[in-house]
Amino acid sequence: MERKNYIDNIRWVTVVIVVLYHIIYIFNNSGVITNLDVKGVPQLDVFLSFVYPWFMNLLFVVGGMSANYSLQKRTPKEFIAQRAKTILVPSICGIFIFGWISGWVTNQCVDMFMGGGDAIPAVIKYLIYCMMGIGPMWFAHELFLFSAILLLVRKIDKKEKLLALGEKTNIWAIILLVVAVWLSSLVLNTPMIEVYRNGIYFFMFLLGYYVFSHENVTDILVKYKVPMIIAAVVFNGIYACIHYGENYASTATLKSPLANIAAWTGVLAVIGSFKAWFNFKNKFTSYMTKRNFAFYVLHYPIMILVAYFAAKVAGISVVVTYFLMLAAEIVFLPLLYEVISRIPVLKLIILGIPSEKN
């Protein structure tokens, strides 16, 4: 199968958006829970609420598409084993290797142990810090879970009738799917930890597998890319304006019809425009594609440490700290990758890269 470069480009570009999102989010003024009790530039929150409805949904759609292509050349057993090595193992090991950093920083700003921290054994505090430091790795957990459930769905649908049905999707069906997207956002949302929006994320994953893995369907998005881009800018712009200064990431807010229209149009616009204009490969895109998962799992610890020591400890202005975090990501992410990728054990358990012989 010919490699679909536009999907690779969607992945790494979205990871870049995630990094920029977190740099601003850590000092957000919208009431979204964060690790630091420092407020940043309120106007920058517009970017957060503009991208939040669609950018993680997009990654799950792409994840579903990639699952389809992977299963065309692998058996189900090979597929789930490959996903366990490249997704599950690093997402779990990362929590215990560097995830504790987020919990530790949070405790420096808010005394989680209410003055009784000295009486708690260090190993217990470490484990608590780790559980608080899942951070961006929740995406990998969800992606592996959905991949496993997909294999069960395929066993039930042995004749792949759903896949054949997805190939018949036309522009009107694509538009009307927004209703199903909205309904999926109403179910399987975890309480307290609102990032696990299982209903909509699993549905997006299935849409990627059964609908958008077909060339004729993505060609429709190419044909209507300009209207889709306009719709995405309008609806996400309205969402950002309406929820400016509010918790744009709360489950209640994300259940609204507007949030789901914004999410759906954003996903459609990106897929159509990238297939039309960014379906290519060069040295830079190849570099980013190879490292996109590593940059995703490693960027948060770097960012949170710089944010804490610069803004909280050294008292550097938030504006300057934004640039320090960005500079640190640009410098240290590639360096960390080069170091870790040369240590076989760490390469597997942190980056999900098996040894050459495997």
Side-chain angles (χ1 to χ4, degrees), residues 11-12 14-15 18-19 22 33 35 56 59-60 62-64 66-67 70-71 74 76-107 112 121-152 188-198 201-202 204-205 290-305 332-333 336-337 339-358:
R11 279 202 196 95
W12 70 258
T14 307
V15 168
V18 169
V19 173
H22 281 140
I33 297 175
N35 305 91
M56 296 310 298
L59 284 181
F60 281 110
V62 169
S66 300
S70 180
L71 281 164
R74 293 182 177 89
K77 184 180 291 187
E78 291 171 339
F79 168 77
I80 203 65
Q82 184 262 350
R83 294 242 156 170
K85 287 180 182 178
T86 59
I87 298 175
L88 183 62
V89 170
S91 71
I92 293 176
C93 292
I95 293 173
F96 297 98
I97 295 173
F98 51 77
W100 61 271
I101 294 173
S102 295
W104 177 81
V105 168
T106 301
N107 190 49
M112 299 186 301
V123 66
I124 300 300
K125 287 198 287 188
Y126 162 74
L127 291 175
I128 293 173
Y129 291 157
C130 288
M131 292 304 100
M132 292 186 63
I134 293 176
M137 286 177 285
W138 67 267
F139 168 73
H141 302 160
E142 294 276 81
L143 191 58
F144 180 79
L145 173 64
F146 298 161
S147 297
I149 296 174
L150 173 66
L151 296 183
L152 297 178
L188 301 179
N189 297 299
T190 56
M192 302 289 290
I193 308 175
E194 296 183 316
V195 71
Y196 289 98
R197 302 175 62 214
N198 297 290
Y201 288 151
F202 183 50
M204 288 290 187
F205 179 83
K290 184 177 181 180
R291 293 158 176 79
N292 79 87
F293 182 73
F295 287 176
Y296 181 83
V297 300
L298 293 173
H299 80 276
Y300 202 78
I302 295 173
M303 181 207 71
I304 196 80
L305 285 174
F332 291 110
L333 275 178
L336 270 178
Y337 175 87
V339 172
I340 295 173
S341 65
R342 285 167 169 76
I343 304 173
V345 174
L346 295 183
K347 181 172 71 170
L348 175 62
I349 66 175
I350 295 180
L351 306 182
I353 304 175
S355 60
E356 292 298 328
K357 65 180 180 180
N358 294 324

- Message: Applying side-chain hydrogen bond (donor to acceptor under 3.5 Å, both in side chains), can you list everything that pairs with Thr106, at least two apart in sequence or on another chain?
- Response: Asn35

- Task: Please list, chain by chain and in numerical order, all residues satisfying side chain to side chain contact (heavy atoms under 4.5 Å, CB included) with Ser66, sequence neighbours excluded.
- Result: Ile7, Arg11, Val62, Arg83

- Provide the full list of salt bridge (charged side-chain N to carboxylate O under 4.0 Å, His left out) pairs with a residue in residues 291-300, sequence neighbours left out, each pair given once. Arg291-Glu338

- Message: Checking Trp12 now: which residues fulfil side-chain hydrogen bond (donor to acceptor under 3.5 Å, both in side chains) with it, not counting sequence neighbours?
- Response: Asn9

- Message: Can you confirm whether Ile149 sits close enough to Phe202 that some side-chain heavy atom of one is under 4.5 Å from a side-chain heavy atom of the other?
- Response: yes

- Are there more than 12 heavy atoms of other residues, nucleotides or ligands under 6.0 Å from atom OH of Tyr196? yes

- Query: Under 30°, 30 to 60°, or over 60°: which ring-plane class applies to Phe295 and Tyr337, parallel, tilted or perpendicular?
  - Reply: perpendicular

- Got Ile302 and Leu336 here, is their nearest side-chain heavy-atom distance under 4.5 Å? yes

- Closest non-hydrogen atom pair, Met137 against Pro90: SD-O, 4.1 Å

- Does some side-chain heavy atom of Ile353 sit less than 4.5 Å from a side-chain heavy atom of Leu348? no

- Message: Is there a side-chain contact between Pro76 and Leu151 in this structure, where contact means two heavy atoms from C-beta onward sitting under 4.5 Å apart?
- Response: yes

- Is His22 reaching over with its side chain to a backbone N or O of Val19, donor-acceptor style, under 3.5 angstrom? no

- Query: With sequence neighbours left out, what residues match Tyr129 under side-chain hydrogen bond (donor to acceptor under 3.5 Å, both in side chains)?
  - Reply: Asn107

- Begin from the C-alpha positions of Met131 and Phe96 and carry the test side-chain contact (heavy atoms from CB on, under 4.5 Å) through to its verdict. CA-CA 8 Å; Met131 292 304 100; Phe96 297 98; 3.8 Å; yes

- By ring-ring contact (aromatic ring centres under 6.0 Å, His included) - contacts of Tyr201 (at least two apart): Phe60, Trp138

- Determine, stepwise, if the pair Ile80 / Phe144 fulfils side-chain contact (heavy atoms from CB on, under 4.5 Å). CA-CA 8 Å; Ile80 203 65; Phe144 180 79; 3.9 Å; yes

- Query: Of all residues at least two apart in sequence or in a different chain, which pass the side chain to side chain contact (heavy atoms under 4.5 Å, CB included) check with Cys93?
  - Reply: Val89, Ile97, Ile349

- How far apart are the C-alpha atoms of Met56 and Arg197, what are their side-chain angles, what is the distance that settles it, and do they pass the side-chain contact (heavy atoms from CB on, under 4.5 Å) test? CA-CA 10 Å; Met56 296 310 298; Arg197 302 175 62 214; over 6 Å; no

- Grab the two heavy atoms, one from Arg74 and one from Glu78, that are nearest each other, plus how far apart they are. CA-OE1, 3.5 Å

- Closest heavy-atom pair, Ser147 versus Leu143, reported as atoms and distance to 0.1 Å, is OG-O, 2.8 Å

- Message: Evaluate Leu298 against Phe332 for side-chain contact (heavy atoms from CB on, under 4.5 Å), listing each step before the verdict.
- Response: CA-CA 9 Å; Leu298 293 173; Phe332 291 110; over 6 Å; no

- For Ile124, the side chain to side chain contact (heavy atoms under 4.5 Å, CB included) test, sequence neighbours excluded, returns Ile120, Pro121, Ile128

- Message: I'd like to know if the side chain of His141 and the backbone of Ser91 have a donor-acceptor N/O pair within less than 3.5 Å.
- Response: yes

- Message: Can you tell me how far apart CD1 (Ile350) and CZ (Phe293) are? Round to the nearest 0.5 Å.
- Response: 11.0 Å

- Separation between CG (Leu145) and CG (Leu150), nearest 0.5 Å, reads 11.0 Å

- Query: So how far is it from Cys130 SG to Phe98 CZ, rounded to the nearest 0.5 Å?
  - Reply: 10.5 Å

- Task: Just jot down the side-chain hydrogen bond (donor to acceptor under 3.5 Å, both in side chains) partners of Asn189, sequence neighbours excluded, or say none.
- Result: none

- Task: Would you mind telling me which of Val18, Leu333, Thr14 makes a side chain to side chain contact (heavy atoms under 4.5 Å, CB included) with Tyr296?
- Result: Val18

- Message: Are there over 12 heavy-atom neighbours, none belonging to Ile343, within less than 6.0 Å of that residue's CD1?
- Response: yes

- CD/Gln82 to OG/Ser70 distance, rounded to the nearest 0.5 angstrom? 5.0 Å

- Query: Looking at residues at least two apart in the chain, or sitting in another chain, which of them share a side chain to side chain contact (heavy atoms under 4.5 Å, CB included) with Leu188?
  - Reply: Asn198

- Do Thr86 and Leu351 have side-chain heavy atoms sitting under 4.5 Å apart? no

- Note on the structure: For Gly352 and Pro354 the tightest heavy-atom approach is O-CD, 3.4 Å

